[in-house]
Amino acid sequence: MTRPLIVAIDGPAGAGKSTVSKILARRLDFTLVDTGAIYRCVALEARRQGIALDDDARLEGLLGKLTVSFHVEGEINRVFIEGEDVSEAIRTPEISLAASSVSSRPVVRNHLLEVQRRLALSATHGAILEGRDIGTVVFPDADVKVFLFANPEIRAHRRFEELFQKGTEKPIDQVLDEQNRRDKEDSQREVAPLKPAADAVQIDSTELPLSEVVQQIEDLVQSRRRA
Ligand code: DC
């Protein structure tokens, strides 16, 4: 049986992974797996159940019962825990930091490894996975690997705009501070830290319009299909 084509898009927060992945998934008719959203669901449930973010035994219990699913609605990739739509609840700044914390626990990463692989391998045509360790750990043999990055100031600026659009005004310095904390936690953790795979194509989106980034990745996918 042939495996669906796997596209790994890794990089730090705010580099444009989500926007680019969504557009690409639609254009190519691929399944989109937002792996950060899965870590966010674990963090949200831990908070709701009063579980400390370093309590491995209770986190393991939670993971055994957690069912996360996705449903694309137009421009929005909705996220559900059981039947509950948690798309907004998982995007608060508090849950962003909590997700970064739970993602450093090996018990969480090991469990989610299989969840992510299963979601991708059940795709009909192909799957785009966006995250931090897709090309290094989840699918080291992905067909296309991209590491998307941008300078910290422009990433914080994009996040500031996104929050502003949603009606939240937060000083840009604070956005940058929280982003730096998360970048540091994500890239310095012992298990599966954020880093480009040796064979990833690195794309700097600092001065590149996202439409151009999408085009570059689509070209990589098409040339892989032809190969
Ligand atoms: O992409 P995001 O900001 O929604 O991810 C939330 C957190 O989850 C992020 O701080 C790091 C973690 N994460 C991870 O460790 N590995 C992934 N593949 C995806 C996300």
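Just follow the structure's listing: the first ligand is 1, and inside any ligand the first atom is 1. This structure is a prediction, so every number in the text was calculated from the model and none was measured.
L97 is linked by a side chain to side chain contact (heavy atoms under 4.5 Å, CB included) to R181, R182, counting only residues two or more places apart in sequence or in another chain.
Looking at R27 and V214, their side chains come closer than 4.5 Å, going by heavy atoms from C-beta outward.
Side-chain contact of D186 with S100: a donor-acceptor pair under 3.5 Å is present, judged by distance alone. Counting only N and O atoms by type, the side chains of S103 and R132 include no donor and acceptor under 3.5 Å apart.
Of the residues listed (V201, L148, I203, V146), the one engaging Q216 in a side chain to side chain contact (heavy atoms under 4.5 Å, CB included) is I203, and it is the only one. Across R226, R225, R224, a single residue satisfies salt bridge (charged side-chain N to carboxylate O under 4.0 Å, His left out) together with D143, and that is R224.
Protein residues are said to neighbour a ligand when one of their heavy atoms lies under 4.0 Å from it; for ligand 1 these are T35, G36, Y39, R40, R91, A99, S100, S103, R109, G131, R132, D133, R182, D186, R189.
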